[in-house]
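In what follows, a single structure is set out as structure tokens and then discussed.
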Number of protein chains: 2
Amino acid sequence: MINLKALKEQALQNPEVKAEYDRLAPEFELATTLISMRQRAGLTQEELAKRLHTQKSNISRLERGDSNPGWKTLQRYADACGFELSVQAQRHKTAI
Amino acid sequence: MINLKALKEQALQNPEVKAEYDRLAPEFELATTLISMRQRAGLTQEELAKRLHTQKSNISRLERGDSNPGWKTLQRYADACGFELSVQAQRHKTAI
DNA sequence: AGCTGAGTTATCATAAAGGATAACTTGATC
DNA sequence: GATCAAGTTATCCTTTATGATAACTCAGCT
């Protein structure tokens with residue numbers, strides 16, 4: 001299967017691509033940030049699941065982005081990957 | 001009543017304090033970011049609640065920080081205040 | 001072809017978020 | 001001291017997130 005997500009993940013293995021990606025990171029959506037953290041930690045979904053005392057299927061669900069994870073859930077995920085999450089607010093590019 | 005939160009809110013009315021606060025913002029917790037966004041938008045909890053088609057009590061619950069709001073909830077809140085949220089991952093200050 | 005590792009999907013149970021309503025506190029103003 | 005605006009707290013209900021288990025796809029490998 002070739003889809004956008006697969007391409008993204010593959011591209012992120014390239015350090016140069018990764019650097020530019022990070023520079024633009026705020027533009028990207030949450031799910032991609034999650035996947036990026038896990039991959040930079042060198043973890044599989046199953047390994048991460050163990051650290052979080054949960055199941056790989058639940059990790060997959062988070063990373064597929066079709067839910068609405070709680071902030072503390074995201075923090076625990078990040079922590080298990082060796083990251084700290086912070087939220088940033090920027091003024092809207094006003095529509096009017 | 002004088003408590004930490006009241007002091008914070010009052011201090012944030014001062015533009016200089018606000019600027020420094022923003023510089024350090026990532027250190028602060030989510031609830032403070034929420035309150036800051038609403039105040040910078042010049043909205044009361046009730047006004048914001050109307051924009052979100054909900055109740056002021058629910059806004060209060062979010063801002064008091066004793067729950068675990070979903071990411072999309074936070075985005076809607078921010079949007080209604082004229083902001084866009086992004087999440088940022090930074091490597092842990094490793095404990096060992 | 002079969003095996004394995006990584007991730008996905010489906011489903012169920014339970015905990016928690018979010019919506020709604022009402023009563024309450026507190027500070028300010030008259 | 002009555003009133004009002006802003007925020008808090010308590011409670012109930014419905015929806016959803018999360019934990020758990022199992023079966024599945026798919027790629028790579030021998």
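Lettering of chains follows the sequences in order, A, B, ..., and the numbering in each one begins at 1.
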Anything under 3.5 Å between a donor and an acceptor, one on a side chain of residues 71-82 of chain A, the other on a protein residue two or more places apart or in another chain? List them.
from: K72(A); atom 1: NZ; to: S67(B); atom 2: O; distance (Å): 3.3
from: Y77(A); atom 1: OH; to: L34(A); atom 2: O; distance (Å): 2.9
from: Y77(A); atom 1: OH; to: E63(A); atom 2: OE2; distance (Å): 2.5
from: D79(A); atom 1: OD1; to: H92(B); atom 2: ND1; distance (Å): 3.3
from: D79(A); atom 1: OD1; to: H92(B); atom 2: NE2; distance (Å): 3.1

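- In this structure, the NZ atom of K50(A) is 13 Å from the C1' atom of dG5(C), given to the nearest Å.
- Looking at heavy atoms from C-beta onward, L85(B) lies in side-chain contact with M37(B) at the 4.5 angstrom threshold.
- Rounded to an integer number of Å, the gap from R38(B) CZ to dA5(D) P is 16 Å.
- Rounded to an integer number of Å, the gap from CG of L62(B) to C1' of dA6(D) is 17 Å.
- Regarding I59(A), its CD1 atom lies at a distance of 8 Å from the P atom of dG19(D), rounded to whole Å.
- Following rounding to the nearest Å, H53(B) (NE2) and dT21(C) (P) show an atom-to-atom distance of 14 Å.
- For the OP1/OP2 pair of dA20(D) and a distance below 4.0 Å, the side-chain nitrogens and oxygens of Q55(A) include at least one atom meeting the criterion.
- L74(B) places its CG atom 13 Å from the P atom of dA17(D), with the value rounded to the nearest Å.
- For T44(B) and dA5(D), the shortest distance from a side-chain N or O to OP1 or OP2 is not below 4.0 Å.
- Between the CG atom of N68(A) and the P atom of dT18(D) there is a distance of 8 Å, rounded to whole Å.
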Below 3.5 Å is the cut-off: list the nitrogen or oxygen pairs between protein and nucleotides 9-11 of chain C, distance only.
from: dT9(C); atom 1: OP2; to: R64(A); atom 2: NE; distance (Å): 2.6
from: dT9(C); atom 1: OP2; to: R64(A); atom 2: NH1; distance (Å): 3.1
from: dT9(C); atom 1: OP2; to: R64(A); atom 2: NH2; distance (Å): 3.1

